[in-house]
Amino acid sequence: MLLHDYFDSHYALARDIADSTRNFFRWKIIQFHRWLGRAPTLADLNTNAVNRFIAHRLTERSRETARGERAVLHALWKAAFDDGLKEDRPDRVRVVKRTLKPVDGWDVPDVSRLLAEASKLTGCFRGHDVERAAFWRAVILTLYDSGLRLGDLLAIDAANLRPPTFTVIQSKTRKPVQVTLSAET
């Protein structure tokens with residue numbers, strides 16, 4: 001069975017996964033296809049092929065990219081084993097250790113400069129009584145206080161807010177995050 005067929009007809013059907021995750025899996029299967037030079041099958045999920053693929057990808061891509069590809073192939077292999085379509089478990093798949101990078105975020109001078117620029121904005125948004133300067137000040141301060149992604153912040157229904165502390169379900173991880181805003185925010 002072709003790996004992309006297994007993904008579509010078995011793996012993805014049995015799991016509640018986001019469209020972005022489906023696309024991620026499909027892209028990783030395409031990368032494996034390109035490396036093999038042909039469409040991968042379930043038989044290609046073997047220790048030799050997968051480990052050689054990971055080793056190759058580490059020579060041309062980041063560790064995080066190789067980790068993602070390893071995770072996809074491992075997950076598909078394990079699922080195929082659990083489904084009785086593979087006889088061998090993915091026990092000897094090479095582990096790619098994560099490289100921790102320092103978080104690049106805003107510091108107090110950055111926030112001060114952003115707030116100064118936001119305060120220069122004039123007028124209201126078209127069709128609304130919301131002042132541009134006040135809106136952007138609230139966005140900047142809330143992002144700084146919470147560490148939320150912009151999309152998660154903009155998805156919050158203001159009618160459900162009870163500051164200073166509230167919970168947001170992150171769109172990327174689907175995990176709840178408790179947010180506490182400062183008095184100024």
Side-chain angles (χ1 to χ4, degrees), residues 7 11-12 15-35 53-76 94-185:
F7 173 72
Y11 189 90
R15 290 158 182 81
D16 180 23
I17 54 178
D19 287 341
S20 59
T21 303
R22 288 176 197 275
N23 293 336
F24 180 78
F25 268 71
R26 287 185 179 120
W27 181 246
K28 299 309 179 185
I29 293 169
I30 289 169
Q31 296 309 309
F32 193 41
H33 177 149
R34 288 179 177 166
W35 178 77
F53 172 68
I54 294 167
H56 170 75
R57 295 299 278 169
L58 283 167
T59 67
E60 61 180 25
R61 295 288 184 241
S62 72
R63 295 185 77 69
E64 289 305 307
T65 297
R67 282 185 89 242
E69 290 163 346
R70 183 238 189 241
V72 164
L73 295 178
H74 187 271
L76 291 171
R94 178 179 180 160
V95 174
V96 179
K97 293 181 182 175
R98 168 170 270 146
T99 303
L100 296 178
K101 297 179 226 169
V103 175
D104 185 20
W106 296 341
D107 58 16
V108 173
D110 291 333
V111 174
S112 296
R113 284 192 297 277
L114 286 167
L115 290 171
E117 290 301 313
S119 69
K120 295 177 186 176
L121 297 171
T122 60
C124 295
F125 287 102
R126 186 177 299 155
H128 300 280
D129 293 335
V130 177
E131 294 178 10
R132 293 174 193 267
F135 172 83
W136 284 109
R137 180 177 176 79
V139 167
I140 293 163
L141 289 171
T142 304
L143 289 172
Y144 184 72
D145 281 357
S146 68
L148 291 172
R149 292 176 182 87
L150 180 60
D152 289 336
L153 173 63
L154 296 176
I156 295 172
D157 181 357
N160 295 332
L161 286 180
R162 299 291 178 263
T165 300
F166 55 94
T167 301
V168 175
I169 306 297
Q170 294 181 358
S171 61
K172 181 176 180 178
T173 63
R174 297 183 183 166
K175 292 183 180 177
V177 175
Q178 189 169 16
V179 172
T180 302
L181 301 178
S182 66
E184 182 183 6
T185 303

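Because only heavy atoms are used, hydrogens play no part in the values below, and waters and symmetry mates are left out as well, while side chains stay in.
For Ala75, the side-chain contact (heavy atoms from CB on, under 4.5 Å) partners at least two apart in sequence or on another chain are Tyr11, Phe25. Remark: Thr59 engages no residue in a side chain to side chain donor-acceptor pair (under 3.5 Å) (not counting sequence neighbours). Take Ser20 and apply the side-chain contact (heavy atoms from CB on, under 4.5 Å) test, not counting sequence neighbours, and it matches Ala18. The side-chain contact (heavy atoms from CB on, under 4.5 Å) test applied to Arg113 returns Pro109, Asp110, not counting sequence neighbours. Under the rule for a salt bridge (charged side-chain N to carboxylate O under 4.0 Å, His left out), Arg70 has no partner lying at least two apart in sequence or in another chain. For His33, the side chain to side chain donor-acceptor pair (under 3.5 Å) criterion is met by no residue, not counting sequence neighbours. The side chain to side chain donor-acceptor pair (under 3.5 Å) search around Arg26 returns Asp8, not counting sequence neighbours. The side-chain contact (heavy atoms from CB on, under 4.5 Å) test applied to Pro176 returns Thr167, Ile169, not counting sequence neighbours.
To the nearest 0.5 angstrom, Arg98 atom CZ is 4.5 Å from Glu64 atom CD. We find the NZ-OG1 distance between Lys172 and Thr21 to be 10.0 Å, quoted to the nearest 0.5 Å. Taking CZ from Arg15 and CZ from Phe7, the interatomic distance works out to 9.5 Å, rounded to the nearest 0.5 Å. The CD atom of Gln31 sits 9.0 Å away from atom OG1 of Thr65, with the distance rounded to the nearest 0.5 Å. Atom-to-atom distance recorded for Phe53:CZ and Glu69:CD is 4.0 Å, nearest 0.5 angstrom.
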Stepwise side-chain contact (heavy atoms from CB on, under 4.5 Å) test for Lys28 and Leu76
CA-CA 11 Å; Lys28 299 309 179 185; Leu76 291 171; over 6 Å; no
Using side-chain contact (heavy atoms from CB on, under 4.5 Å), reason through Phe32 and Val72 one step at a time and then give a plain yes or no.
CA-CA 10 Å; Phe32 193 41; Val72 164; over 6 Å; no
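In this structure the side chain of Arg94 reaches within 4.5 angstrom of the side chain of Leu58, judged on heavy atoms. Residues Leu114 and Trp136 are not in side-chain contact: their nearest non-hydrogen atoms beyond the backbone lie 4.5 Å or more apart. Within the 4.5 Å cutoff, side-chain heavy atoms of Gln178 are placed close to those of Thr165.
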Listed pairs under 3.5 Å, donor-acceptor, residues 137-154 side chains, sequence neighbours left out:
residue, atom, partner, partner atom, Å
Arg137, NH2, Glu184, OE2, 2.7
Thr142, OG1, Ala138, O, 2.7
Asp145, OD2, Ser182, N, 2.8
Asp145, OD2, Ser182, OG, 3.0
Asp145, OD2, Thr185, OG1, 2.6
Ser146, OG, Thr142, O, 2.7
Ser146, OG, Leu148, N, 3.1
Asp152, OD1, Ser171, N, 3.0
Asp152, OD1, Ser171, OG, 2.9

Please tabulate, for the side chains in residues 115-131, all donor-acceptor contacts under 3.5 angstrom to protein atoms that are two or more places apart in sequence or on a different chain.
residue, atom, partner, partner atom, Å
Glu117, OE2, Lys120, NZ, 2.9
Ser119, OG, Ala116, O, 2.7

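Judged by distance alone, with hydrogens and angles left aside, the side-chain atoms of Arg63 form a donor-acceptor pair with the main-chain N or O of Lys97 at under 3.5 Å.
Heavy atoms only, all atoms of each residue included: Val177 and Gln170 are closest at CG2-NE2, 2.7 Å.
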